[in-house]
Trainee: 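Let me begin by handing over the structure; questions about it come next.
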Amino acid sequence: MKKYDHKAIERKWQARWKKTSLYKTPDKAKGPSAAKAKEGKKENFHLLVEFPYPSGNLHVGHWYAFAVPDILARTLRMQGKNVMYPIGFDAFGLPAENAAIKNKLNPRTWTEKNIAYMTKQIESMGTSFDWSRKVVTCDPAYYKWTQWLFLQLFKKGLVYRKETAVNWCPKDKTVLANEQVVNGKCERCDSEVVQRNMLQWNIKITDYADRLIDDLEPLDWPKEIKDSQRNWIGRSEGAEINFPLEFEKKNGPKPNYLILHGWYKDSAAGAFIPWLKKALEEKGFEVQAPNLPNPENPKEIKQVADVLNTCTIDEHTIIVGHSLGGAVALKVLEKINRPIAGLVLVAPAMNPSVQGAKKRPFWKHFNWDIDYERIKKLVRFSAVLCDLQEGAPRVPYLKTVAQKLGVALIEGNASEEHFFGKEEPMILMSLLPHITVFTTRADTLFGGTYLVLAPEHPWVALAIDDKHDVLTNKAEVKAYVEKAKKKTELERQTDDKEKTGVELKGVKAINPTTGAEMPLWVADFVIGSYGTGAVFADAHDERDYAFAKKYDIPLKETLEPVVVQGAGPDAFHTKEPAIDRSSILAIVKHWSEEKYLAVRFKPTDVRGGVSGGVDGAEDPIAAAKREIAEETGYEHARFIRKLGGPIHSKYYSQKYGNLFVHFTPLLFQLEDEARAEISPKEKEEHDISWLTKEEFDAFINREDMRIAWSRVHGEMCYAGKGMLFDSGEFNGLTSDEAIPKVGAKFGRVVKQYHLRDWIISRQRYWGVPIPMIHCPKCGVVAVPDKDLPVKLPEVKDYLPEGTGKSPLAKARKWLDIQCPVCGGKAERETDTLDTFVDSSWYFLRYTDPKNKKKFADAKKMANWMPVDLYSGGAEHTTMHLLYSRFWHKALFDLGLVKDAEPYLRRMNHGVILGPDGQKMSKSHGNVADPDKLVEQLGADTVRMYLAFIGPYNEVASYPWNPDGVVGIRRFLERVCRASEYVNPASVAALDPLLHKSIKKVGEDIAALKFNTAISQLMIFLNGVEKEKKLGKTQWEQFLRLLSPFAPHLTEELWRERRKTSIHVEQWPTFDPAKLVNESITIAIQINGKVRADVQVPADADKEAIEKAARATVAARLEGKEILRTIVVPGRLVNFVV
RNA sequence: GCCGGGGUGGCGAAAUUGGUAGACGCGUUCGACUUAAGAUCGAAUGUCCGAAAGGAUCUGUGGGUUCGAUUCCCACCCCCGGCACCA
C-alpha cells in the first residue's frame, strides 16, 4: 500500500467489526481449564476503566483513559485471554441538573442526548469495548438494583440518619454541594454560604475502617494509593482516659443509685457492690442495693416486681445492673413510665439466642423482647461496660446492645473477669461525673495540668443550659461557645492563628494519676467531632504549651529529652546494646561580652559548647570545670545554674560502640580571661571561638546541645518523646514504652479514625431516589423489594423547593404513599443518593447487565470478579476507590459477592493538561478536542501518540502538545511503504531484531510501558528500511505486534493477504536462539572512562575479550602498569592503571 | 507540619541485581530531490574548548561507598499531589 487513507480505512473496519460483533465478550465465559487453574491462572481478564460522566463531548483525556488501555485489552486477547473490556456512563449528577435549570431542559433528555453523541465518539477511537454490556446509572433497570443494594445495607444496620451540617445558601434557599461553594460563597448568586444542620442519611463506613486499612496490604496497588487511603482513614492508636469532675457549687440536684446484683454472687453483699456502695456514699450519694428474691433460681417477673415494690426510682436515679441484674434493669425500665437519670449495664446477661451463649435455667422465664427505642427515650444517659477478658461471644454481643442503646461500648479490663472483683474502678468511674479524653500520648498523663473541651462538647452544652448551674462564669462561657459555633470550620482554621479559649470556672477535673486538680477550658482549636471532643494538655506539646503561656495556666514537665545523634555510620545502632554514661554539657559565657564559647570537634565536625564525661562519683559541676579547662584552657569558670533536667543522648562512638549518655546541662560564665596552655592533642581535636548569640545559634549542630542552649533563654517546652520522670512507677521508661502501659492503667486502649461516616443524602433531583418511606406511625420504613425501583418522578422545574428539601418534594402525587407496614398515610423520602453510590458497584453489573431478577448472577460475577486491572485517574484515589471497596465489603458480609476486595490491581494514569499547562476545563477554555486531529491524521495515529508520550502507569501530567504527533503519523506511513518490501523469503539479518522486538514489546505492554514498546517497533522498522526488504512471515509478525496500537491500519494491511481479522490472531512468540547477534560491541574503559570499543564474537570468553580490548587500546596503555582488569562479559572491560 | 511522588538535552522521554547516560520521537542545522514550497530521503545534533584529530565536562546541590554511581548511603535545595489546630 502506498497511500495511507486513514479515513476510508477506519470507516470501513469500524463498520465491519461492529457488524460481526468482533469484540463481544463471550457470554458464557470460559472458566479456567483444570491445568491453568492449578497454576493459579485465569483465562478471563476483567479490564476496567472508570466509566465517563456524559458531559456532552469527548476530550483528549477520555482518549487517554480509554484508547490506551485498549492496547492492553487487545494484546491480552491475542495472548489467549478472554478479555472483558466494558464501558458505560455515570449518568446521574449535578451538571445535568444545572443544565436543566439553566436551559429548562429535562435532565434525562440532556443526558441521553449526550450519551448518544459520546457513544459515537468513543466508537471512533477504534477501541474494543463490548457495547453489549453497556451500563447507564440513570437507567431504572440499573438504579433499581442500586436501591435494592442500598436497602440490603440498611437492613444490615449500616444506614442511619443524623443531624449534619450542610452548606446552605440563604438566598437560593438550597443546599449546596461542596463544589458549588466558591470561597465560602454560593457559585450561582454569590451570597455568603452558612452552615445549617439537617437530618441526613449516613452510611457507617467507619465500622469498616480497620478492614479498609488492613486489607490494603496484599493488593497489587501502587504504594502511593495505599498510603493515601491509609492517610485518609487516619487511624491512630491511643487511650481514652476519664477525668472525674468536682464542683465548687454543691447545691445542685444529685443523682441517686440503684444497684442490681447478678446471679452467681447471689446478693448485694457479693462482688464489688459493698465497695461501690461505700465509695458512692462517701461522696454523699444515696445508694440502694437490694437483695433480689430467689437468687438461686431467679425468675424475671418476681425480681422485677420486687424492685418496683421496694425501691424508690425517680428522675435522678441511675440504675446499675451487673450481669443478670443488667437484664433485670432493662425489664424494670419496661414497667415504668417516667424518665430516669441513667442506666449503666455492667457486663449484662446475654440473650440466649446469641450463638455461643449458654442456656441458663431462668431464661425459661425470661422474655427477651426488649424495646430499646422506648428505653432510649426514658433514660437521659446510658452506658454499657464490657470486660475484654471475657472475649467472644460476650464482647460482640455487648457491642450490639450498646449500639441499640445508641452509645459506644466502654471496653476495658476488669480487676476480675466479668467484674467479679471486690473493687472495680471502671464501674465507679462510669458513675461519677467525668470527662473522657482521647490521647495518643498517655506518657505525659502525669504532667497533664488542664483539660480543653471543644465548644460542641456535650458536657459544655449541659453546663451552659438553663437547667444547670455549675459554672460561676456561665455567661462568659456561653458567649464564647455561641461565637465559636457561628464560625465555619474554615474560619476556625484560618481566622486567627492565635488560639483563644475561656476557662470553665467552678469546676475542676481530677488527674487520675496524681489526684491533682486541673482547670477546664473550652477552646475552638479542639475539634468536636474527633476523638471525644476533649483533650488533656501538658508541657510537652507545642500548642498546649503556647496556650498555657497565653492564659497563664500552670504546667508541669514530666519528660526529659532523649535524642539520637547523627546519622549514617555514626548513628546509634538500634539492634546492639548500649553503654550508659554520665556526662555534662556546658554552655560558657564570655567574661564581659554577650558571647558564647563555641567548640568544634574536628574529627566528626560536631559543633556546640563544652561536653565531657563525669568520672565515677565526681560532682557534675566540678567535672564541667575540669572539661572547660582541658578543652579550652580557660581556668576560672563560675557556675551560674543548671539548664533544666538531664538530656539523654544516644549515639555511636568508634571507641565505645553504642552509648546512652545522660547529660547534665550547665551554664557557666568566665570570671576572667585567664587561660592556660592546652595539650597538643586537645589543640588538634578542637577549634575554639567566641560567637554572638545569633552566631552560636547557627553554629550548633548537635541536638542535645541545642536543647540546653534553648534553656539559656528560658524556652522550656520540650515537644516530642523522651524519658519519664515525676511519673510514679513509670519513671525512667521512654515514651514509647510508657504510652501503652499508662494508657492501660488509667484508661482503656482505643483506636480513633479521621474517616467520617459517608453522608449519602443529596437534596437534588437528578439522582437515585432513596427508597424510604416516612410513616407517622411506624417511623422510617424501607420500600418493599416488590415496589422497586422507586422511579424518579417528573417535575415541572428542577429548582429546589426552598425548604431545604430536594425538588422531589414538589412531586405531590409521587410523594403520597401508603405505609407498607400499617397501610396508613405516609410520605416518600425526597433525598437522592450520592452518585458515588452508583459507581460503587457498576463493575458488578457489567458481568450480567441485563439481569431482571438479580443485580447480577453469582456465577457470572464469579467469572469476572475480582477486577484484574482497574485503570483510572488519580483524582479517585481516595473517595471512589474507598467507597467502592467499602461497598464491596458490605456486600461480601451480606454474602452477595464472593470477594472482600473488588480490584486486584489498580493503576492511576497521568493527566493530560490543557495546552497552557492548566487543568482542562470549560472555564479555562483550554479543553483540547481531539476530533480535528483524528480527522486529519486518523484515530490510529492519535491513540498511538497518546501511548507514546510517556509511561502510562505513572502519575504525571502532560500539557497537551500535539507537535510530536507527526512522528507517529510518519511512522505509520513508513509502515505502509514497508509493505512494498515484503518478499516470500525471510531476511535472516532481521531475525535478531525481530525476536528482540517480540520479546520487548510483549514485556513492555505487560508492564504498561506502551511508550517503550512503540519505540521498539520503530527501531524494528528502522532496521527494515536499512535492509530494504522483509520476509512475509516477518512482516506478519510485525503487523501483529503493531495491531493493538494501530488496529485499523494493521487490519487493512493484514487483509491484503489474509481473509480473517488480524484481531483474532495469536500474539507472536520469540525464539531465544534467534535473539543473539553473531558479534557484540564491548566498551573499553581506562580508569572507568570509556576510551574505545571493540567487536567480539557473542560467545567470546573473558580472556578473549580482555585480549581484544588490550590490543585495541595498546597505545594508551603503553608505559602504564595495569593494576587491575575488570571484565563484564557482554558489556565492558575496565583497565585500572 | 505530616505522608507520598519527582528533579536527566531546546521539548516528550529512555537506561535498575551498580557496567558505554541521553534509546525512540519532536524540534533544529546541513545536504539530496524540486522552478519553488511541502512531503520524502540522507547526515549531524547534551554542553564547553578545538579548523580538525582530540580533550574536558554532564543525570537538582554537596559529600560518601566503589575499578565504575542516573542507579546504593548521608545531608540539603526545588517542584508536584494528598492530608493538616487530629490531641
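Here is the naming used below: chain letters follow the sequence lines, and residue numbers restart at 1 for every chain. Predicted model only: the values in this text are computed from it and were never measured.
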Trainee: Strictly below 4.0 Å, heavy-atom distances to any atom of RNA chain B: list the hits from residues 997-1015 of chain A, or just say none.
Mentor: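 Listed by number, they are A:Lys1009, A:Asn1011, A:Thr1012, A:Ser1015.
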Trainee: Are A:Glu50 and A:Arg906 close enough for a salt bridge, meaning some N to O gap below 4.0 Å?
Mentor: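 A:Arg906 and A:Glu50: salt-bridged.
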Trainee: Show the distances under 3.5 angstrom between N or O atoms of the protein and N or O atoms of nucleotides 66-71 of chain B.
Mentor:
| residue | atom | partner | partner atom | Å |
| --- | --- | --- | --- | --- |
| B:C67 | OP1 | A:Arg1124 | NH1 | 3.0 |
| B:C67 | O2 | A:Asn1134 | ND2 | 2.5 |

Trainee: With the threshold set at under 4.0 Å for non-hydrogen atoms, list the residues of residues 435-442 of chain A touching RNA chain B in residue-number order.
Mentor: A:Phe438, A:Thr439, A:Thr440, A:Arg441
Trainee: Answer syn or anti for B:G9, where the cut-off is 90° from 0 on the glycosidic torsion.
Mentor: syn
Trainee: Tell me: CG of A:Leu881 to P of B:G4, nearest whole Å?
Mentor: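 So the CG-P distance, A:Leu881 to B:G4, works out to 19 Å.
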Trainee: My understanding is that only residues two or more places apart in sequence, or in another chain, count here; which of them pass side chain to side chain donor-acceptor pair (under 3.5 Å) with A:Arg748?
Mentor: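 Applying side chain to side chain donor-acceptor pair (under 3.5 Å) to A:Arg748 gives A:Glu240.
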Trainee: So A:Ile949, base contact, sugar-phosphate only, or nothing? Heavy-atom distance under 4.0 Å.
Mentor: sugar-phosphate
Trainee: Whom does B:G27 pair with, Watson-Crick or G-U wobble, provided both distances fall under 3.5 Å?
Mentor: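 Paired with B:G27, as far as the under-3.5 Å criterion goes, is B:U45.
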Trainee: Please name all residues satisfying side chain to side chain donor-acceptor pair (under 3.5 Å) with A:Arg974, sequence neighbours left out, ordered by chain then number.
Mentor: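 Checked A:Arg974 against side chain to side chain donor-acceptor pair (under 3.5 Å); matches are A:Asn1022, A:Glu1025.
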Trainee: Nearest to the A:Ile1019 side chain among B:C86, B:C83, B:C24, which nucleotide is it?
Mentor: B:C24
Trainee: Using a 6.0 Å cut-off, check whether atom CD of A:Glu542 has over 12 heavy atoms from anything other than its own residue.
Mentor: no
Trainee: Is it the case that A:Lys499 places NZ or CZ above or below the six-membered ring of A:Phe547, under 6.0 angstrom from the centre and within 45 degrees of the axis?
Mentor: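 Not flagged: A:Lys499 not positioned over aromatic ring of A:Phe547.
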Trainee: Does A:Tyr753 have any side chain to side chain donor-acceptor pair (under 3.5 Å) partners at least two apart in sequence or in another chain, and if so, which?
Mentor: A:Asp210
Trainee: Report which part of the nucleic acid A:Arg974 touches: base, sugar-phosphate, or nothing (heavy-atom distance under 4.0 Å, all strands).
Mentor: sugar-phosphate
